[in-house]
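Note that the structure is a prediction, hence the values are computed from the model and not measured.
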Amino acid sequence: MSERDTGWDFHLRTLSISARDSNTANDPASDPSLLHSVKKLHELCKTENNEDLVARVYPQINKIFQRAVASLSLSQTSNGLLLLAILQFYLDFGEVVLHDADPSLRTFFRSCLSREFADPVVAEAMIEFLIINKKRILTSFPNLMPQFFPLLLKLIAWNGERLEKQILKAFPGLMSPGSFIPLFPSLLDLPILVVALEKVEKSSGPLIGSSIASIQKNTAPKMLLALMDEAYTGSTIEDGGGDFESEDSSAIDVTDPLFLEILKDENDGIAERPWSSPVMTTILQTAASNPYSDRLKAVLHLTPRLLDVYFSIALRDVNDSLICALLPLLMSRFATIFPDKVFSYEVHKRLLEFILSTFQRYPNFIALLKKPIMARLGEAYDSPDKTELALQLCWAIGEHGGGGGSHKDEARELFESLELLLYENLSSSRLGMAQEVSLSSDKDTYRRSSQSRLMCFVVTAIAKLATHHRELLPRARVSLGKVARSRISDMRVWRRACDFLGLMKDPAICSSILGPSRSAQGTTQKIGSINWNEGATKMTAHIPFYILGEQEGPPFHDFSFSDILSRR
């Protein structure tokens with residue numbers, strides 16, 4: 001008992017002496033014993049569960065916190081660990097001493113973590129702090145982490161190599177209704193953030209101890225700012241012989257939107273980034289062609305896993321209006337990501353899975369988002385990535401009937417977009433046949449294969465959409481008939497068009513195979529199964545088993561319709 005009292009008095013006296021010591025008064029973190037005493041007093045308060053002890057400690061700890069924050073700009077030592085220890089005391093005993101920890105937490109993020117996110121020790125302690133207090137922060141301060149998610153992403157980008165497991169545990173706390181949309185492009189651009197931070201470090205020295213805001217005001221990172229200016233304004237970087245100090249400072253805008261957007265600390269609600277510049281595309285390709293740093297390799301591996309967490313939470317907890325708002329942004333960014341083949345494959349796979357899962361859950365989104373979907377279909381030939389996205393959108397349109405039976409106008413507009421895409425493909429295919437030479441390059445072979453694959457999906461989408469909305473059947477027969485009569489080189493597309501034309505002659509079987517997965521009564525209907533009870537009213541011709549089985553000649557069944565159709 002006396003030993004405990006002795007320890008208590010010793011650590012309390014250490015805090016008191018620190019306040020009077022002129023050497024540590026203006027830089028409390030410079031005394032390593034101070035952190036030890038704060039932790040010991042915190043531990044004793046928790047062990048004894050005595051409110052009087054907490055009340056005695058609180059004034060001293062609060063003074064240290066205020067002095068440490070005030071000295072951050074002049075301090076030569078890291079204050080992160082000391083302030084985190086004090087914040088933990090605030091969270092554990094704030095109700096006892098009537099201390100609202102929210103202002104203190106925000107002060108820590110703005111004043112300390114913005115300067116020390118690159119410190120590996122502080123970063124690890126910060127992640128552990130978020131994991132330990134996850135429930136408490138989400139309950140009492142639900143907007144804290146979503147507000148500072150850009151700063152936390154900088155910490156993740158710079159320290160992801162060592163802290164991957166801990167980061168995956170803490171990441172869900174960054175998501176909230178206010179951060180859900182802005183978080184997606186920031187997460188997708190995590191490799192770009194690493195490249196930007198590494199360029200700043202190369203130009204300005206170590207990032208520890210200096211906030212990005214102060215770096216931007218210095219002349220050291222002018223090369224990075226000029227590079228960004230060239231990428232987004234088209235202006236040419238003057239050759240200054242490497243002496244950036246001699247250049248006119250007015251020629252470089254320190255408020256360059258890209259620079260501020262990538263390296264910002266707080267969520268300002270901006271979701272879109274100016275990626276339209278062709279110069280930026282060139283810069284990204286150049287960055288990707290250079291040897292990757294270990295930090296960049298780690299982030300390229302980590303980002304797809306963070307997307308897994310993001311999308312799983314989105315489908316489980318996020319309301320449908322936010323998900324609907326995310327999809328156009330997701331589609332617009334599909335072909336605009338860091339140009340690494342493995343990274344692109346992993347990200348594209350997750351984006352497509354989320355798009356298709358969302359349309360499966362909310363088929364009406366297809367009708368609501370007809371304009372961005374039609375825009376993506378119009379870009380199907382721009383790049384292989386956009387071709388793949390258009391292909392998957394075609395499948396979703398056909399599978400879910402353009403949004404459902406109640407969205408006939410939207411379905412008609414989507415059908416017209418599919419028609420246009422089909423006719424453009426037919427025209428380009430004929431042109432390709434006319435210009436085809438015996439020795440074609442691998443690039444041409446891939447282009448034709450990709451075009452044929454897209455055509456198969458477009459033909460299927462037209463047939464399925466017309467089956468959902470029967471008023472479109474005449475137009476579908478005309479479209480597929482043109483494919484069947486065309487001199488298109490790919491036999492798969494021709495055969496598929498012919499098969500669908502044959503199916504359309506038998507509405508019952510066509511509806512069973514190409515119709516919606518949910519019946520008009522809302523019950524699930526297995527695709528490919530035939531509801532024979534409806535055959536007597538919907539059957540208009542013989543059953544084309546020879547078409548379904550790709551057999552030549554007449555059918556080989558030996559039963560009559562009366563054997564399988566119920567009499568009414």
Side-chain angles (χ1 to χ4, degrees), residues 102 105-106 109-110 113-114 117 126 130 134 137-138 141-158 160 167-168 170-197 211-213 216 228 232 255-277 280 284 299 302-338 347 350-351 354-355 358 365 369 372:
D102 185 66
L105 288 165
R106 295 179 185 276
F109 276 92
R110 290 192 178 105
L113 192 61
S114 62
F117 70 88
M126 182 73 235
L130 295 177
K134 183 178 179 179
I137 291 176
L138 292 178
F141 318 104
N143 297 321
L144 177 69
M145 292 174 65
Q147 178 181 347
F148 291 97
F149 81 78
L151 177 57
L152 292 171
L153 285 182
K154 286 198 289 189
L155 183 149
I156 290 171
W158 202 253
I167 288 170
L168 290 172
F171 178 77
L174 275 62
M175 297 183 64
S176 76
S179 67
F180 178 69
I181 300 296
L183 179 59
F184 172 73
S186 298
L187 189 59
L188 204 61
D189 293 341
L190 212 54
I192 306 299
L193 177 58
V194 172
V195 174
L197 290 172
S211 67
I212 295 296
Q216 288 179 257
M228 297 299 182
Y232 287 95
T255 61
D256 181 275
L258 176 68
F259 188 77
L260 293 175
E261 174 67 19
I262 292 178
L263 299 178
K264 64 184 179 182
D265 287 340
E266 297 186 40
N267 173 22
D268 53 15
I270 299 176
E272 295 187 9
R273 296 185 174 190
W275 275 66
S276 58
S277 170
M280 183 60 181
L284 290 173
V299 167
L302 175 62
T303 301
R305 301 187 65 184
L306 292 175
L307 284 172
D308 285 335
V309 179
Y310 178 88
F311 288 140
S312 64
I313 294 175
L315 291 173
R316 186 183 68 240
D317 299 330
V318 178
N319 64 65
D320 55 354
S321 61
L322 283 175
I323 294 179
C324 187
L326 174 68
L327 289 178
L329 176 62
L330 189 151
M331 289 187 284
S332 68
R333 288 298 311 272
F334 188 84
T336 315
I337 59 176
F338 190 83
V347 171
R350 286 158 173 81
L351 298 186
F354 177 74
I355 291 175
T358 301
F365 282 5
L369 300 175

Heavy-atom donor-acceptor pair, Ser176 side chain to Asn143 backbone, under 3.5 Å: no

Atom of Leu193, atom of Leu153 and distance for their closest heavy-atom approach: CD2-O, 3.7 Å

Residues in ring-ring contact (aromatic ring centres under 6.0 Å, His included) contact with Phe148, at least two apart in sequence or another chain: Phe109

Close side-chain approach of Phe338 and Val194, heavy atoms under 4.5 Å: no

Under-4.0 Å salt bridge between Asp265 and Arg110: no

Leu113 to Met126 - nearest heavy-atom pair and separation: CD2-SD, 3.9 Å

Heavy-atom check, side chain of Phe184 versus side chain of Leu351, under 4.5 Å: yes

Heavy-atom pair with the smallest gap, counting every atom of Val299 and Ala157: CG2-O, 3.5 Å

Partner of Ile337 under side chain to side chain contact (heavy atoms under 4.5 Å, CB included), chosen from Ile192, Asp189, Val347: Val347

Contact check, side chains of Leu188 and Thr303, non-hydrogen atoms, under 4.5 Å: no

Counterpart residues, side-chain contact (heavy atoms from CB on, under 4.5 Å), relative to Pro328 (two or more places apart): Leu369, Pro372

Shortest non-hydrogen separation from Leu174 to Ala170 and the atoms involved: CD1-O, 4.0 Å

Residue pair Ala314 / Met175: nearest heavy atoms and the distance that separates them: N-CE, 4.5 Å

Where Arg106 and Leu144 come nearest, the two heavy atoms and their spacing: CG-CD1, 3.8 Å

Atom pair CD1 (Ile181) and CG (Leu322), whose distance is rounded to the nearest 0.5 Å: 5.5 Å

Trace of the side chain to side chain contact (heavy atoms under 4.5 Å, CB included) decision for Ile167 with Leu155: CA-CA 10 Å; Ile167 288 170; Leu155 183 149; 5.6 Å; no

Partner residues of Leu168 under the side-chain contact (heavy atoms from CB on, under 4.5 Å) criterion, sequence neighbours left out: Glu164, Leu302, Arg305, Leu306, Val309

Pairwise side-chain contact, Pro172 with Lys134, heavy-atom cut-off 4.5 Å (strictly under): yes

pair Leu130-Leu152: side-chain heavy atoms closer than 4.5 Å: yes

Partners passing ring-ring contact (aromatic ring centres under 6.0 Å, His included) against Phe334 (at least two apart in sequence or in another chain): His348

Listed once per pair and sorted, the salt bridge (charged side-chain N to carboxylate O under 4.0 Å, His left out) pairs that draw on residues 310-329, sequence neighbours left out: none

Pairwise distance NZ(Lys264) to OG(Ser186) - rounded to 0.5 angstrom: 5.5 Å

Test item: Asn267 side-chain N/O and Gly178 main-chain N/O as donor-acceptor pair under 3.5 Å: yes

All pairs passing ring pair (Phe, Tyr, Trp, His ring centres under 6.0 Å) where residues 302-321 contributes a residue, at least two apart: Phe180-Tyr310, Phe311-Phe354

Audit row: Phe171, Leu183, side chain to side chain contact (heavy atoms under 4.5 Å, CB included) steps and yes/no: CA-CA 11 Å; Phe171 178 77; Leu183 179 59; 4.0 Å; yes

